[in-house]
Amino acid sequence: MLQIQKIRTHKDSIIKNILEIRKVNVSDQINNIYDLDLKKRDTQKNLDELSAHMNVLSSQIGEQFKNGNIEKANNLKQETTLLKENIKKLKLSFDELDKSIIDLLYQIPNVPNQLVPPGKSENDNEIIFSSPIDSLKSESFLPHWDLCQKYDLIDFELGVKVTGAGFPIYKGKGAILQRALIQFFLNEGNKSGYQELSLPHLVNESSGYGTGQLPDKEGQMYHVSVDDLYLIPTGEVPITNIYRDVIVEEKDLPIKHVGYTPCFRREAGSYGKDVRGLNRLHQFDKVEIVQITKPSESHQTLDQMVKYVESLIKKLELPYRKLKLCGGDLGFTAALTYDLETYSVGQEKWLEVSSISNFETFQSNRLKLRYRTQNRKIDLAHTLNGSALALPRIMASLLEINQNKDGINVPEVLRTYTGFDSI
RNA sequence: GGAGAGGUGGCAGAGUGGUAAUGCAACAGCCUGCUAAGCUGUCAACGAGCAAUCGUUGCCAGGGUUCGAAUCCCUGUCUCUCCGCCA
């Protein structure tokens, strides 16, 4: 959620930026917010004055009663009747204005960082780095779903029986490999100074609002209606919401967390070849990293996080590429995002395995996540997060590129975790 | 699931109808040769003002009663204790 103060002072540049970079016109909404805010402040001023008057009268009445001047007190009481009514009316319109402003603010996407290239779709994303893949194009590479069947690693049909499409069952070495990857990612995170967290997989409504899944993406989360809880679509939700309504001390920044969780996504409306095999699932595992930083440092932190995630991919010896998302492909809440994609030699396409974003104050404003500087000033912190990494697509790329005629090699770094060298 | 108790600032803890004591911690300033102690002040949100400052709001949340609510009433929620069930 954008800060209302920024709309007061930089209304036109916000409209211009979102239009030019994201190609979305928010001018009507922003102007509307601006006008409502003026009205709201005016209303508050009036309301405050009346309330102040009321407070004075009330204490006078109290005085009079104490002194036994019942008649005087009753006279004063009469004065309050009209005042009370007006206060009620003003309070009502104040609340209405406040609600309208917040509803509108929820609909405005984050203002892209100046580094974000303009663009409409993923075709306009900027490719910053790409491993050479020409030598990897060969018909002899099987796609991972064939490999999974051949070596009995992941059973998609069995998952359909037990739950439904998109809930595969990992078996034997497939399950062990998955567990090895999780452990590898967590250990690497710990080594890089991220505190490990083990998290709830269900969250309440407030948490859904805190990180921005609600109200916009309500349909994408599984909802447990009896208890009004949501299954998390990403570990970001429980991790970041730890800091909802929190003021942290500057000296405790940056805060760094890593956590493994399963992720649940309804993916309503996705069908076709994109969902084949491990490409898109309703339940998948992910290790997530989150950082909370001072505003002055978040930019640098984002680069470090990208570098860190790249290092994981490199250790797994996977070909990958790095993209800077253009305005049109940038998520609603992000100010700047880098995507990392590994190459799937069996499908001959790139798979998004990590999305690393700086949200600047967009999330912290909604979360009320602030920090106290050394001279006692309170200011919104910046939040960042990224996948490190999403398991299924890593698994897909990994299985495909390490296949040979009689099996699949396990990358060097994972062998201590799996206990076997090949499948 | 049943019964009971409770939710007050960063923490501890008073307040049961007159507008949030006190202690600890933290931070700033003063004092000091240094440290400790001491003294003074501050602590959340919103608004008005160039500013010092002022006003309003804030005692789990939302309603209600009242001139006035942390305090009384209703609803919700969470925590704790006991019982039941249980990994």
Side-chain angles (χ1 to χ4, degrees), chain A residues 1-9 33-105 198 200-210 214 223-230 238 241-253 255 292 294 361 363-381:
Chain A
M1 187 165 69
L2 291 184
Q3 294 170 77
I4 187 73
Q5 295 89 333
K6 293 228 167 115
I7 292 180
R8 278 179 205 155
T9 51
I33 291 171
Y34 185 84
D35 293 339
L36 288 171
D37 179 56
L38 283 180
K39 265 189 215 160
K40 183 188 143 185
R41 281 190 286 164
D42 193 48
T43 308
Q44 179 172 356
K45 208 176 141 195
N46 290 334
L47 181 61
D48 282 357
E49 278 167 12
L50 293 191
S51 302
H53 190 194
M54 183 63 131
N55 286 342
V56 171
L57 283 180
S58 289
S59 63
Q60 280 175 358
I61 292 170
E63 277 299 302
Q64 299 298 350
F65 270 128
K66 237 183 224 170
N67 298 336
N69 299 329
I70 310 284
E71 200 181 325
K72 261 191 185 169
N74 281 328
N75 285 341
L76 284 171
K77 258 199 203 180
Q78 281 181 348
E79 237 183 279
T80 63
T81 323
L82 184 65
L83 196 55
K84 210 176 160 186
E85 228 169 85
N86 287 334
I87 286 175
K88 212 172 184 179
K89 268 189 220 154
L90 276 178
K91 179 81 171 74
L92 212 66
S93 62
F94 178 85
D95 287 345
E96 261 170 37
L97 286 166
D98 196 45
K99 188 175 180 304
S100 318
I101 290 169
I102 287 176
D103 284 349
L104 281 167
L105 276 175
S198 183
H201 300 165
L202 285 92
V203 294
N204 58 29
E205 194 184 14
S206 305
S207 294
Y209 276 96
L214 296 173
H223 182 217
V224 182
S225 54
V226 244
D227 293 304
D228 201 16
L229 296 172
Y230 295 86
N241 272 288
I242 294 172
Y243 296 95
R244 172 155 45 84
D245 292 319
V246 166
I247 300 176
V248 295
E249 295 297 328
E250 183 176 9
K251 64 174 165 49
D252 295 329
L253 297 176
I255 290 168
I292 297 163
K294 287 191 266 187
T361 58
Q363 278 187 333
S364 57
N365 186 37
R366 200 182 280 206
L367 286 162
K368 296 208 183 75
L369 161 52
R370 292 158 296 171
Y371 74 103
R372 204 191 306 269
T373 64
Q374 251 127 32
N375 45 12
R376 313 300 287 169
K377 281 249 163 66
I378 287 172
D379 199 8
L380 292 173

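These numbers come from the heavy atoms of this one structure, side chains and all, not from hydrogens, waters or symmetry mates. Letters A, B, ... are given to chains in the order of the sequence lines, protein chains preceding strands, and every chain is numbered from 1.
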Ignoring the backbone of [X], work out which of [options] is nearest its side chain.
X: A/Asn55; options: B/G47, B/G18, B/U56; answer: B/U56
X: A/Asp48; options: B/G18, B/G68, B/G55; answer: B/G55
X: A/Gln5; options: B/U66, B/U56, B/C46; answer: B/C46
X: A/Ser51; options: B/G55, B/U57, B/A48; answer: B/U57
X: A/Gln44; options: B/A44, B/G55, B/G68; answer: B/G55

Which base, if any, makes a Watson-Crick or G-U wobble pair with [N], both distances under 3.5 Å?
N: B/C80; result: B/G4
N: B/C46; result: B/G55
N: B/A21; result: none
N: B/U35; result: none
N: B/G41; result: B/C27
N: B/A61; result: B/U75

Tell me the closest heavy-atom pair linking [X] and [Y], and the distance in Å.
X: A/Asn241; Y: A/Ser206; result: OD1-O, 4.2 Å
X: A/Arg8; Y: A/Asp37; result: NE-OD2, 2.6 Å
X: A/Pro238; Y: A/Pro200; result: CG-O, 3.7 Å
X: A/Tyr243; Y: A/Ile292; result: CD1-CD1, 3.3 Å

| field | Option passing salt bridge (charged side-chain N to carboxylate O under 4.0 Å, His left out) with A/Asp98 (candidates A/Arg41, A/Lys40, A/Lys91) | value | A/Lys40
[X] side chain near [N] phosphate (N/O to OP1/OP2, under 4.0 Å):
X: A/Arg370; N: B/A44; result: no
X: A/Lys77; N: B/G68; result: no
X: A/Arg41; N: B/G49; result: no

| query | Relative to the 5' end of RNA chain B, which residue comes earlier, A/Ala52 or A/Arg8, by the nucleotide with the nearest heavy atom? | reply | A/Arg8
| So which one's nearest nucleotide on RNA chain B is more toward 5', A/Val56 or A/Gly62? |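 Nearer the 5' end of the strand: A/Gly62.
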Calculate the interatomic distance between [X] atom [atom1] and [N] atom [atom2]; express it in whole Å.
X: A/Lys45; N: B/C54; atom1: NZ; atom2: P; result: 18 Å
X: A/Asp252; N: B/A26; atom1: CG; atom2: P; result: 14 Å
X: A/His53; N: B/C67; atom1: NE2; atom2: C1'; result: 12 Å
X: A/Leu82; N: B/C67; atom1: CG; atom2: P; result: 14 Å
X: A/Glu49; N: B/G47; atom1: CD; atom2: P; result: 16 Å
X: A/Ile87; N: B/G68; atom1: CD1; atom2: P; result: 9 Å
X: A/Leu83; N: B/G68; atom1: CG; atom2: C1'; result: 13 Å
X: A/Lys368; N: B/G58; atom1: NZ; atom2: P; result: 15 Å

Between [M] and [N], how far apart are the [atom1] atoms? Round to whole Å, please.
N: B/G9; M: B/G15; atom1: C1'; result: 15 Å
N: B/G62; M: B/C67; atom1: P; result: 23 Å
N: B/C72; M: B/C59; atom1: P; result: 15 Å
N: B/C83; M: B/U71; atom1: C1'; result: 32 Å
N: B/A3; M: B/G10; atom1: P; result: 35 Å
N: B/U19; M: B/G6; atom1: C1'; result: 25 Å
N: B/U66; M: B/G29; atom1: C1'; result: 44 Å
N: B/C74; M: B/U65; atom1: C1'; result: 11 Å

| query | Measuring from A/Leu2:CG to A/Arg366:CZ, what's the distance to the nearest 0.5 Å? | reply |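 These two atoms lie 10.0 Å from each other.
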| task | Answer yes or no: is there a side-chain heavy-atom contact under 4.5 Å between A/Asp379 and A/Lys294? | result | no
| message | Taking any heavy-atom pair under 4.0 Å as a contact, classify A/Thr80: base, sugar-phosphate, or nothing. | response | sugar-phosphate
